[in-house]
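Presented below is the structure to which this report refers.
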Amino acid sequence: MLFASVRMLPASKAMISFGVATVAAAIVLTAHGQTIAQPTEKNCDTPTTPFCDALMKPIAGWSGHIFKLAQNYPSTAPTDAQPWRKLNPYTEPGQYLQSVLEYFYEGNIRSSVEDSFDPALNSVRGWYNAPWQDHGVNGREFVHGLTRERTSLSQELDPKQTLQWSNYAVGFYNAPGGVTIGKVWAKHGDPNPDLADMPEGTVAAKLLFTTAPVDQVPYLAGSPEWQAYVYTGVGDPRLHPLNIRSIQKVRLLQIDIAVKDSRAKETGWIFGTFIYGGGPGHASDPAVTGWRNVFPVGVMWGNDPDYPSTGQLKQTWLNPDVHMSHVGYQGRLNGPVDNPNSSCMSCHSTAELPQGQMVPSGSDDVARWFRNIPSGEPFDSGRKPLDYSLQLEVGLVNFLQTHPDIFPTSMPAAQVKQVHNDKNKPLSRAGVQ
Ligand code: HEC
């Protein structure tokens with residue numbers, strides 16, 4: 001079987017001198033007199049400064065929302081409600097997932113859609129963003145911190161969809177996860193991947209938005225819309241020079257959840273996803289719109305390594321009320337944006353340094369990507385496991401590739417060199433084109 005590679009091409013990032021400050025060249029094109037965002041000055045992402053919020057500064061005259069990276073990582077996590085603990089993930093997967101969603105929503109949903117999911121405004125609990133996602137052409141934009149994700153090919157979202165559309169996302173970790181991010185990145189110039197162990201009770205949640213309009217994907221009617229500084233067209237912007245960024249509306253399509261839960265014996269993690277409007281052909285109540293109009297697609301706690309390719313999967317539960325155009329490989333869980341030849345846990349099990357190959361290709365032994373790898377073990381022996389966190393992987397790879405001179409003290413020099421030189425920089429679900 002052929003697998004579309006999810007790996008991205010190496011970032012073509014030039015360094016430009018701006019007065020005394022050195023800046024990473026981002027989007028400095030000018031087209032038709034339009035104001036284009038300027039690259040971030042390097043008073044951030046250095047060993048002695050905070051992490052950058054985004055790849056570029058807000059465009060001139062911008063008065064809308066501005067993303068601030070939530071980087072006040074706590075040293076210990078406060079005691080907090082964990083409503084999913086009362087539910088059995090194996091026998092009550094739908095309720096389990098819903099309870100994590102409610103926890104994520106608390107304090108994050110505001111009357112203003114644009115101000116929703118801004119950790120600085122949440123008075124219920126802290127949520128934190130992973131650093132160093134602001135690099136390369138897919139890096140964080142300035143309005144909501146969205147990174148570019150995989151392109152949706154025609155009919156992947158809905159049978160009516162005739163065109164391709166781009167997707168963008170932003171992820172958050174709760175305080176337990178924030179503690180680990182803070183430890184790994186305690187020294188901004190010398191991160192320590194040995195500490196990438198997410199504690200029990202970690203929740204990571206990710207909002208995915210699409211540029212697809214409602215006439216192409218009817219179940220998106222009433223979906224929360226964010227403004228974002230995203231590419232006008234689809235496809236890799238390095239291959240399509242006319243594909244430049246501008247402020248556009250994007251619509252909520254998918255919400256991803258990952259929970260560190262030791263009751264999940266296979267891997268230590270539970271992954272689940274929601275689709276806005278219930279997906280193709282779903283008879284949703286037209287009166288229900290907004291953030292709450294999302295439906296669980298399914299939950300997985302393992303990759304069903306011995307699955308004979310037909311019959312019931314034992315470690316994925318799919319919601320019978322939702323009829324997706326596709327899920328993952330052989331029916332394992334994946335979301336609408338995701339590569340149908342992968343699964344949530346397959347791709348995330350590759351989180352390691354040097355970076356693992358996220359999806360099998362060509363003559364690869366597919367079964368390697370559908371093992372149940374316990375938390376704390378790497379995908380490839382001898383590498384450093386990053387506990388299913390691909391945002392830690394993306395950030396660490398971005399950091400090391402930006403600094404070919406830096407060798408973190410906790411990593412063998414040969415491995416650091418491999419990351420410095422690795423030309424198959426993956427760095428997001430993007431990359432199909
Ligand atoms: C083919 C690869 C791939 C697949 C499949 C995939 N992801 Fe991810 N995911 C990523 C990458 C890369 C990141 C980090 C960069 C980013 O946020 O885009 C990520 C980030 C996340 C995050 C933020 C925390 C973290 O671990 O970095 C969550 C939560 C998440 N994904 C959940 C899911 C869920 C749930 C599914 C299945 C419905 C899924 N993912 C499927 C590649 C994948």
Side-chain angles (χ1 to χ4, degrees), residues 3-8 93 97 100-101 104 127-136 138-140 145-151 167-174 177-178 180-181 184 196 198 202-209 253-260 269-275 296-301 303 316-319 322 324 326-329 332-352 355-361 369-370 375 379 385-398 425-432:
F3 288 87
S5 166
V6 294
R7 287 175 165 263
M8 291 171 48
L97 191 62
V100 184
L101 183 74
F104 177 47
W127 289 93
Y128 305 90
N129 306 116
W132 277 91
Q133 317 290 301
D134 52 297
H135 283 259
N138 296 333
R140 284 195 196 282
L146 303 180
T147 55
R148 180 174 168 264
E149 303 275 314
R150 183 175 176 274
T151 299
N167 301 300
Y168 292 87
V170 59
F172 307 86
Y173 277 92
N174 69 351
T180 292
I181 297 176
V184 169
M198 295 290 172
T202 294
V203 173
K206 186 163 152 178
L207 302 170
L208 291 99
F209 293 81
L253 167 63
Q254 176 175 343
I255 301 181
D256 283 346
I257 302 276
V259 185
K260 187 82 182 277
W269 283 93
I270 306 229
F271 277 66
T273 193
F274 293 85
I275 185 168
V297 176
V299 173
M300 75 187 296
W301 46 89
N303 267 315
T316 282
W317 167 81
L318 293 180
N319 181 358
V322 163
M324 304 283 290
H326 70 87
V327 281
Y329 182 59
R332 292 168 178 86
L333 183 64
N334 240 349
V337 164
D338 295 308
N339 186 328
N341 296 317
S342 185
S343 80
C344 310
M345 301 200 90
S346 167
C347 196
H348 279 260
S349 71
T350 68
E352 62 183 9
Q355 69 218 53
Q357 182 185 326
M358 292 198 286
V359 176
S361 66
W369 275 262
F370 295 94
S375 162
F379 184 81
L386 298 175
D387 204 1
Y388 283 76
S389 173
L390 284 167
Q391 289 192 342
L392 276 179
E393 179 186 288
V394 167
L396 290 162
V397 170
N398 277 338
K425 195 178 178 188
L427 307 201
S428 99
R429 283 175 189 178
V432 164

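The figures here come from the full heavy-atom set of this structure, side chains too, leaving out hydrogens, waters and symmetry mates. Positions are given from 1, in the same order as the sequence printed here. Order of listing sets the numbers, starting from 1, for every ligand and every atom in it.
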| said: Set out, in order, the CA-CA distance, both residues' side-chain angles and the distance that settles side chain to side chain contact (heavy atoms under 4.5 Å, CB included) for V184 and L396, then state yes or no. | reply: CA-CA 9 Å; V184 169; L396 290 162; 4.3 Å; yes
Closer than 4.0 Å to some heavy atom of [X] - which atoms of ligand 1 meet that?
{"X": "I257", "result": "35 (C)"}
{"X": "A204", "result": "24 (C), 29 (C)"}
{"X": "V359", "result": "1 (C)"}
{"X": "E149", "result": "16 (C), 18 (O)"}
{"X": "C344", "result": "34 (C), 35 (C), 36 (C), 37 (C), 38 (C), 39 (C), 41 (C)"}
{"X": "Y173", "result": "24 (C), 25 (C), 26 (O), 27 (O)"}
{"X": "Y388", "result": "26 (O)"}
{"X": "C347", "result": "1 (C), 2 (C), 3 (C), 4 (C), 5 (C), 42 (C), 43 (C)"}

Is there a donor in the side chain of [X] and an acceptor in the side chain of [Y], or the other way round, less than 3.5 Å apart?
{"X": "T147", "Y": "N138", "value": "no"}
{"X": "S389", "Y": "Y173", "value": "yes"}
{"X": "S342", "Y": "N334", "value": "no"}
{"X": "N167", "Y": "Q254", "value": "no"}
{"X": "S346", "Y": "N303", "value": "no"}

Heavy atoms only, cut-off 4.0 Å: how does [X] contact ligand 1, side chain, backbone, both, or neither?
{"X": "S342", "result": "side chain"}
{"X": "L392", "result": "neither"}
{"X": "S343", "result": "backbone"}

| Between R140 (side chain) and G145 (backbone), is there a donor-acceptor pair under 3.5 Å? |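 It does hold such a pair.
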| request: Using modelled atom types only, decide if a donor and an acceptor are shared between the side chain of N174 and the backbone of V203 within a distance under 3.5 Å. | output: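 Yes, the answer is positive, given that a donor and an acceptor are paired below the 3.5 Å cut-off.
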| query | Are the side chains of I255 and L101 in touch, meaning some heavy atoms are under 4.5 Å apart? | reply |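 Counting from C-beta outward, I255 and L101 do come under 4.5 Å.
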| message | Any N/O/S atom from H348 (main chain or side chain) under 2.8 Å of atom 8 (Fe) of ligand 1? | response |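 Within the cut-off used here (under 2.8 Å), H348 does place an N, O or S atom near atom 8 (Fe) of ligand 1.
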Against ligand 1, does [X] come closer than 4.0 Å with any heavy atom?
{"X": "N339", "result": "no"}
{"X": "G335", "result": "yes"}
{"X": "G272", "result": "yes"}

| query | Which word best sums up how the rings of W127 and F172 line up, parallel for under 30°, tilted for 30 to 60°, or perpendicular for over 60°? | reply |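 Ring orientation of W127 relative to F172: perpendicular.
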| Selected option - heavy-atom contact closest to atom 19 (C) of ligand 1, from E393, Q391, K206 |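 Nearest option to atom 19 (C) of ligand 1, by heavy atoms: K206.
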